[in-house]
Amino acid sequence: NNPWTMPPKKSFWKRKANEKQFSVTSSRGKKSSSFEQFDASVSDAWSVDEDTMATNSHKQKQIQPPPKNNTTLLQLQQRQEIKQENNGSIIASSSATRERNNTQSTTPSTVSNTPHQTQLQQQHEDKEVHQQQHEQRQQCEKQESSSPSTPKKKSPSQHSLSMSPRKTPSRNARKDVTQPETFDSITRSGSGTEAIKSRGELRIGKFEKVLNSGNVNLDILKNLSWSGVPSQVRAMVWRLLCGYLPANEKRRQTTLERKREEYKDLVAQYYGTRLDPENEKTFHQIVIDVPRTCPAIETFQQRTVQEILERVLYLWAVRHPGSGYVQGINDLVTPFFVVFLEECIDCDFGDCDCTTIPRVLLDDVEADCFWCVSRLLDGIQDNYTPGQHGIHDKIAALEDITRRVNGKLVSHFEEYNISFLQFSFRWINCLLMREMPLRCTIRLWDTCLAETEGFASFHVYVCAAFLEMFSQHLLSLNDFQDILCALQNLPTTTWTYEELEVVLAKAFMFKTMFHNAQSHLK
């Protein structure tokens, strides 16, 4: 009787011998399955002994489902006939099945006696019909695939929904890596060319709408030009963005004629002094540099074109004695000359023979080049004054921006004693004219002319983005000479607008980050 002793556990899960076991047999009859119902209804299909009949006798007393109505069967038959007629083919087996169903529907006593048999037969027949229709559709599809030249016959409803089939671009269409000729017709293959042309036409329409308005909204024109100007309207757009022509459409033609006459007077007044002792040295340097302008393009090697460039450069040098002519200015005339000359010719600039162009048109092109180059150089005058302090300031800003966006590259340059002055001086002096193809330079100028102080401030961010494009390759070089040669001979000869768009996007990002935070320039 120890109080700390636990009482013995009772086995509640064990039953006592004298307790009555629960019966597992339910007094309620087991519900028959569908197979048992079918067995009871079609018991005459095979031999069944008396014991089996006695066992299943209580199952026959269950409530049988009501027989199907004859009208319901007829409706099902009519629906099947309509479906088969729409598909365009009725097979012999389905007709035999309908005849058998008709005979069953005319004998209601039989249907009422064996409803489950009728239901199973109907399901089996429907399954056969659907299977035959599916096989027939597969055969039709195989025939169409084997004979692609035969057009598929559409139903009236399908034809009304697909009067103009949609054209999908070919997956095998590849972009051509050659240099594009115009902004709105980038060379591509496949049906995507039509979409590009349509976009180009829409873009030209936007420019023409702005240009043909009474007073051109320069802000809207700059927003459109930032992403590139179509070649069809580029000459007029550049004249407006440079400030060479007024925004008022009524004054535009008179101003153009007046400025061209002024240039003719300047040529008559100053060009004869090119051999004077005080001007001889300047003109001699111009004569040396002009043949070096775009040597890969044959048009610039024509004597007629070289004389035009000599007059434009000499007149600008005479009118700006504070800076005079500086090597590199000759490259800045070429984009204007190409754009204004293409406005007068129907062929590509590289295939143009300027001796066949009327002299009047060449004089107009020359005058337009002079005034537009003068407007451009007015914004970057400090780049060409003695000492070229403007270029040195821009190089310092370029180095600071690069240090902030890619400090690893600047440290790599410092490790191998690479100075930004050694490679970026030409980038700023010639506005990247010698670093990329001429077509890419023209596209770059579309954006720079649309930017406020595009050549004075935005060009620095363009140079930073341009250097960033080759940072991985430059970081892989471990020699002073290799790095400097790579910077002075960058692989841009095969560049298209796509690579340039990446540079412009990065330049815009750098400007957004740093232009309004001037402390990085201090």
Side-chain angles (χ1 to χ4, degrees), residues 175-188 192-213 216-245 247 332 334-343 348-350 368 372 375-376 431-433 435-455 457-459 461-466 469 492-512:
K175 292 181 288 187
D176 190 2
V177 297
T178 57
Q179 184 174 338
E181 293 298 330
T182 58
F183 172 80
D184 57 319
S185 61
I186 301 175
T187 54
R188 296 185 182 180
T193 307
E194 298 178 358
I196 294 172
K197 289 183 179 180
S198 63
R199 289 197 299 269
E201 292 174 356
L202 292 175
R203 189 166 179 78
I204 293 173
K206 292 180 180 180
F207 275 93
E208 290 178 348
K209 183 179 179 180
V210 176
L211 294 175
N212 294 331
S213 59
V216 176
N217 191 329
L218 293 179
D219 293 333
I220 297 177
L221 185 62
K222 288 179 180 179
N223 291 334
L224 289 174
S225 302
W226 204 99
S227 300
V229 182
S231 60
Q232 293 83 347
V233 295
R234 180 175 280 131
M236 182 57 66
V237 171
W238 279 22
R239 292 187 185 104
L240 291 169
L241 294 179
C242 288
Y244 172 42
L245 292 182
L332 307 185
T334 55
F336 291 113
F337 185 77
V338 173
V339 170
F340 296 149
L341 185 64
E342 285 186 340
E343 188 183 25
D348 184 67
F349 176 81
D368 294 346
C372 289
R375 289 281 183 171
L376 184 150
L431 301 179
L432 291 175
M433 276 289 303
E435 314 305 324
M436 60 181 66
L438 181 59
R439 289 293 176 184
C440 291
T441 303
I442 293 174
R443 168 62 189 90
L444 173 63
W445 282 28
D446 289 341
T447 302
C448 290
L449 290 172
E451 278 280 343
T452 304
E453 297 183 351
F455 295 102
S457 61
F458 183 72
H459 183 71
Y461 300 104
V462 173
C463 292
F466 183 73
M469 294 286 289
T492 58
T493 54
T494 59
W495 268 30
T496 60
Y497 290 160
E498 294 183 359
E499 291 83 1
L500 184 61
E501 293 293 340
V502 177
V503 173
L504 291 175
K506 289 186 177 182
F508 179 79
M509 181 180 65
F510 294 160
K511 179 187 176 183
T512 305

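The first residue of the sequence shown is numbered 1, and numbering continues consecutively from there.
Summarising the geometry, atom CD1 belonging to Ile220 is positioned 8.0 Å from atom OG belonging to Ser213; distances are rounded to the nearest 0.5 Å. Rounded to the nearest 0.5 angstrom, Cys463 SG and Leu431 CG are separated by 8.0 Å. Here the CD atom belonging to Gln232 is positioned 9.5 Å from the CD atom belonging to Glu201, to the nearest 0.5 angstrom. From Met433, atom CE reaches atom OG1 of Thr334 across 3.0 Å, with rounding to the nearest 0.5 Å. Atoms CG and OH, on Asp446 and Tyr497 in that order, are 7.5 Å from each other to the nearest 0.5 Å. Of the inter-residue distances, the one linking Phe336 atom CZ with Tyr244 atom OH reads 11.5 Å to the nearest 0.5 angstrom.
Inter-residue side-chain proximity for Trp238 and Ile442 is flagged as met; some heavy-atom pair is nearer than 4.5 Å. Annotation: side chain of Leu444 is not in contact with side chain of Phe466 (no heavy-atom distance under 4.5 Å). Between Leu432 and Thr441, every side-chain heavy-atom pair lies at or beyond the 4.5 Å cut-off. Contact of the Lys506 side chain with the Met469 side chain is registered, since non-hydrogen atoms from C-beta on lie closer than 4.5 Å. A heavy-atom distance below 4.5 Å is not found between the side chains of Leu449 and Val229. Counting only heavy atoms from C-beta outward, the side chains of Phe510 and Val462 never approach each other to under 4.5 Å.
Taking all atoms of both residues into account, the shortest heavy-atom contact from Leu500 to Cys440 is CD2-O, 3.0 Å. Pairing each heavy atom of Trp226 with each of Phe458, the nearest pair is CZ2-CZ, 4.0 Å. Contact between Ala507 and Ala465 at its shortest, heavy atoms only, is N-CB, 3.6 Å. Nearest approach of Asn217 to Val210, heavy atoms of both residues: O-CG1, 4.3 Å. Contact record, Trp495 with Pro437: O-CG, 4.0 Å, taken as the closest heavy-atom pair. Across Pro230 and Gly228, no two heavy atoms sit closer than the pair CD-O, 4.0 Å.
The existence of a salt bridge linking Arg443 and Glu501 is confirmed by a sub-4.0 Å separation between a basic side-chain nitrogen and an acidic carboxylate oxygen. Salt-bridge formation is detected for the pair Lys511/Glu451: a Lys NZ or Arg NE/NH1/NH2 atom is positioned less than 4.0 Å from an Asp or Glu carboxylate oxygen.
Here the side chain of Glu208 pairs no donor or acceptor atom with the backbone of Gly205 at under 3.5 angstrom. Looking only at distances, no side-chain donor or acceptor of Ser225 sits under 3.5 Å from a matching main-chain atom of Ala450. At distances below 3.5 Å, at least one donor-acceptor pair connects side-chain atoms of Arg203 with backbone N or O atoms of Leu224.
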Side chain to side chain contact (heavy atoms under 4.5 Å, CB included), that's the test. Do Met236 and Leu245 meet it? Break it down for me. CA-CA 9 Å; Met236 182 57 66; Leu245 292 182; 3.7 Å; yes
Step by step, would you call Phe207 with Leu221 a side chain to side chain contact (heavy atoms under 4.5 Å, CB included)? CA-CA 7 Å; Phe207 275 93; Leu221 185 62; 3.9 Å; yes
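A cation-pi arrangement, defined by a distance under 6.0 Å to the six-membered ring centre and an angle within 45 degrees of its axis, is absent between Arg439 and Phe349.
In the displayed structure, Glu453 atom CD is contacted under 6.0 Å by at most 12 heavy atoms of other residues, nucleotides or ligands.
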